[in-house]
J.: 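My questions all concern the structure below.
It should be emphasised that the depicted structure is a prediction, and the values quoted were computed from it without experimental measurement.
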Amino acid sequence: MEKSKKKPYVSTWNNISWSVKKQLKYVPAAFWIQLLFIPLHVGLAWAEIYLPSLVVAEVTGERGLSHAVLWVGLLMLAILAANILLDVLNNYVHTIDQRYTNKVRTLLAQKALGLFYQTYEKKEMADLFDRADMTTQMWNGAEPVKDMTWHARGFAESILCYVLFGTVISFIRPWLVLLLTLAPAVNWFCVRAYQKWEYANRENWQEIDRKLWYIQRKAGEFAMAKDIRVYGMAGWLRQMYGMLCEGHSKWDKKRIWKNYFSHIADLAVILLRDGAAYAVLISMVRSGEITAQQFVLSFAAVSSFATWIGNILNEWNQMRGTSLALCDLREYLEYPDKDGDGTADVEAFLGKAPEIVFDHVSFRYDGAKEDTLHDICLTLHAGEKLALVGLNGAGKTTLVKLMCGLYEPTSGEIRLSVTDRNTAAGENTFVPVRHFRRKDYYRLFSAVFQKINPMFFSVAEMISGCEEDESDLAKVEECVRRAGLAEKILSLPDGIHAKLDKQVNENGIELSGGELQKLMLARALYKDAPVLVLDEPTAALDPIAESKIYEEYRNMTVGKSSLFISHRLASTRFCDRILYLKDGRIAEEGSHDALVAAGGEYAKLYEIQSCWYQEDGVEGHRQQEDFS
């Protein structure tokens, strides 16, 4: 996807059609009421210009005061009733329109939550999501996702009024219709030029907005509060915020001045256009070509005609500007997603730990000059405990993401195999990962990732991944105990029902880094998938807690395949096999003892770290040795 797209994703008419279809689907009442607005508004516009001429006609006529009061009064009552009806309907439509916005926000969230992870984490997609999300927010009185049908309705009304009042003016001087129509074209081109410039440059200030919001959010997080104070980061953050605000102001000035000059041309055109029309009407009255009643009606028609021409252009420009914003929304919602072909059934792999085969797999990030992983060939055997070790940047986490289906290989293939019990020899059946639907493939994995992001749900909901009334609460408590978190959680007044994140929940709790890792372990225990993935799961734990967690890991991995990543090489002793990655390749392979005996890079790194293990406590180290 290009960073800056000059050509809109779809046309304005396409977005109008899309908006109407969505509105009819989700809030049909809003569409039909807006359709009713058209005859009501057109009728009111005609009544309002006809009223002054009716008054003149009744005053100068010979039918008496009672006749004048009757007809003028009836027309005024009709105008009042129509305005009251419009006001009531307008408030009602705005109320139900919010349901439409909420539905579109739901669609946007569903797309973001289900988007292929490799696509989702790209910066271009994050920027596109921010722009798409802005269409559902109110900014400067505009909310594009709701505004399109309103502008389309206003455009239709303006066209009808243009025809109606243009007909009245044509009876006076036909060429006035042409003059009043052509003059505003200058304004249309000016506004259109501004909108094209704004659309082409929108990413400049949106990038600054994103950074400003990021600094605001980080400055208010509890997790950052200690660092900001102890390391004196407040001044630096203020400086960064000020620089970004200054950059934003520069773009704001450009936008304001360009918009200002586009309106200067409009004012000049209005002066020349209306001045000429009024001069013609005045000269016709003085020469006796039209009566006072005709003058009043024509004068009002000219004034309204000019307004409706302006409205036609304004509504069109508003539709076009709204359409440009909706292009971002639709591009995100309709972004082509990657998924398996669904020919493979995951159920055959859930009952027993599968074998996972990497067949000459390489992976390169978008925009990178070199592969992060090079020609990886490995097999995670059924029930095997496999460890990945290596320095930062060796490709360990990338390999995990490939295995979990979060990335797809740039080249090579990942396959699963399971023993086919239907064959006499019990042959293995190999199935490429691309044949699984992603949501099905994810069922194979229980993962504890290095970066933990707890949400504001209850402990039980965080562990089960669903609402409490759908959770097995007895199983949740058992997983809390097995993860070593019972002393903390079960002692709380609300126990497993306690809410996380006190920034959102009044009585929310805040867990330490080690406690959060145990919470994630409890979540992995609850899912009980056949493949366990542990990415630095004990980084925030003390040696004693780490030792207990290793024992639980050993219990967890019975009958499962497991992949374990750690920078602490002593913690890999309980694994059956260790892969030492270097520069995206498997540099060494074997058991802990075999690799230490080989005297390679793994052995050297282990020797460097050995003093840490001794200081961490002899008892914990002995327990780790027992696991091997």
Side-chain angles (χ1 to χ4, degrees), residues 113 117 121 217-218 220-228 230 392 396-397 400-401 404 406 442 445-468 471 473 475-529 532-557 562-568 571 616 620:
L113 291 170
Y117 184 82
E121 73 170 359
R217 181 166 53 84
K218 285 295 181 182
E221 287 183 358
F222 286 147
M224 293 288 294
K226 295 189 294 293
D227 295 75
I228 290 173
V230 173
N392 290 332
K396 303 185 296 297
T397 298
V400 166
K401 290 178 178 178
C404 292
L406 298 173
Y442 294 153
F445 299 92
S446 291
V448 180
F449 294 111
Q450 181 178 6
K451 190 173 182 180
I452 299 170
N453 296 289
M455 290 177 279
F456 54 83
F457 305 114
S458 70
V459 171
E461 290 169 333
M462 277 298 300
I463 291 173
S464 68
C466 56
E467 295 182 9
E468 287 193 9
S471 305
L473 298 182
K475 185 177 179 180
V476 169
E477 290 192 7
E478 176 61 23
C479 293
V480 166
R481 290 189 180 92
R482 291 180 62 188
L485 201 54
E487 183 178 355
K488 170 72 175 182
I489 299 300
L490 301 184
S491 64
L492 296 171
D494 295 326
I496 60 173
H497 308 289
K499 300 286 188 180
L500 298 171
D501 197 337
K502 62 184 178 183
Q503 292 187 94
V504 177
N505 298 299
E506 183 178 356
N507 297 318
I509 62 172
E510 297 288 335
L511 299 179
S512 67
E515 289 167 342
L516 285 173
Q517 285 191 317
K518 293 178 181 178
L519 181 68
M520 297 301 101
L521 172 60
R523 183 171 66 176
L525 286 165
Y526 187 94
K527 186 176 182 182
D528 195 26
L532 180 65
V533 178
L534 307 170
D535 187 356
E536 291 288 350
T538 61
L541 300 179
D542 59 73
I544 296 176
E546 182 182 32
S547 175
K548 293 179 179 178
I549 289 297
Y550 288 145
E551 183 175 3
E552 185 54 48
Y553 284 159
R554 185 176 67 172
N555 296 332
M556 287 176 63
T557 55
S562 61
L563 183 66
F564 179 74
I565 297 178
S566 179
H567 285 95
R568 302 182 186 179
S571 65
D616 281 346

J.: List the atom of Tyr442, the atom of Lys527, and the distance in Å for their closest heavy-atom pair.
T.: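 Taking every non-hydrogen atom into account, O-NZ, 2.8 Å.
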J.: Could you tell me whether a side-chain N or O of Ser446 sits under 3.5 Å from a main-chain N or O of Ala529, the two making a donor and an acceptor?
T.: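 Between the backbone of Ala529 and the side chain of Ser446 there is a qualifying donor-acceptor contact (under 3.5 Å).
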J.: Could you go through the side chain to side chain contact (heavy atoms under 4.5 Å, CB included) check for Ile509 and Val459 one step at a time?
T.: CA-CA 10 Å; Ile509 62 172; Val459 171; 4.3 Å; yes
J.: Measuring from atom CG of Leu563 to atom CG of Leu534, what distance do you get when rounded to the nearest 0.5 angstrom?
T.: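 The CG atom of Leu563 sits 8.0 Å away from the CG atom of Leu534.
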J.: Residues in side-chain contact (heavy atoms from CB on, under 4.5 Å) with Asp494, at least two apart?
T.: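 side-chain contact (heavy atoms from CB on, under 4.5 Å) list for Asp494, sorted by chain: His497, Ala498.
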J.: Taking the six-membered ring of Tyr526 (Phe, Tyr or Trp), confirm whether the NZ or CZ of Lys475 is under 6.0 Å from its centre and within 45° of its axis.
T.: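 Yes, a cation-pi geometry.
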J.: Say you draw a straight line from CG of Leu500 to CZ of Phe456; how long is it, rounded to the nearest 0.5 Å?
T.: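 Rounded to the nearest 0.5 Å, the CG-CZ separation comes out at 10.5 Å.
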J.: Ignoring hydrogens and angles, state whether a donor on the side chain of Glu468 or Ser471 is under 3.5 Å from an acceptor on the partner side chain.
T.: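 Note: Glu468 and Ser471 side chains miss the donor-acceptor criterion.
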J.: At their closest point, which heavy atom of Leu532 faces which heavy atom of Ala524, and how far apart are they?
T.: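 In terms of heavy atoms, the two residues are closest at CD1-CB, 4.2 Å.
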J.: Do Phe449 and Val400 have side-chain heavy atoms sitting under 4.5 Å apart?
T.: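 With C-beta onward as the side chain, the pair touches.
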J.: How many angstroms lie between CD in Glu477 and CD1 in Ile463, if you round to the nearest 0.5 Å?
T.: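 Output value for this atom pair is 9.5 Å.
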J.: Rounded at 0.5 Å granularity, tell me how far CG in Asp535 sits from CE in Met520.
T.: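 Taking CG in Asp535 and CE in Met520, the distance rounds to 14.0 Å.
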J.: Sequence neighbours excluded, which residues qualify as side-chain hydrogen bond (donor to acceptor under 3.5 Å, both in side chains) partners of Glu461?
T.: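 Only Ser458 meet the side-chain hydrogen bond (donor to acceptor under 3.5 Å, both in side chains) criterion with Glu461.
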J.: Kindly write out the residues that satisfy ring-ring contact (aromatic ring centres under 6.0 Å, His included) with Phe445, not counting sequence neighbours, or none if the list is empty.
T.: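 For Phe445 the ring-ring contact (aromatic ring centres under 6.0 Å, His included) partners, ignoring immediate neighbours, are Tyr441.
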J.: Show your working on side chain to side chain contact (heavy atoms under 4.5 Å, CB included) between Arg523 and Val448 and close with a plain yes or no.
T.: CA-CA 8 Å; Arg523 183 171 66 176; Val448 180; over 6 Å; no
J.: Starting at CG of Leu519, measure out to NZ of Lys488 and round the result to the nearest 0.5 Å.
T.: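 Answer rounded to 0.5 Å: 11.5 Å.
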J.: Using every non-hydrogen atom in the two residues, find where Tyr117 and Leu406 come nearest and quote the distance to one decimal.
T.: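 Smallest heavy-atom distance, with atoms named: CB-O, 3.6 Å.
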J.: Out of curiosity, Arg482 CZ to Leu525 CG, how far, rounded to the nearest 0.5 Å?
T.: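 Answer rounded to 0.5 Å: 4.5 Å.
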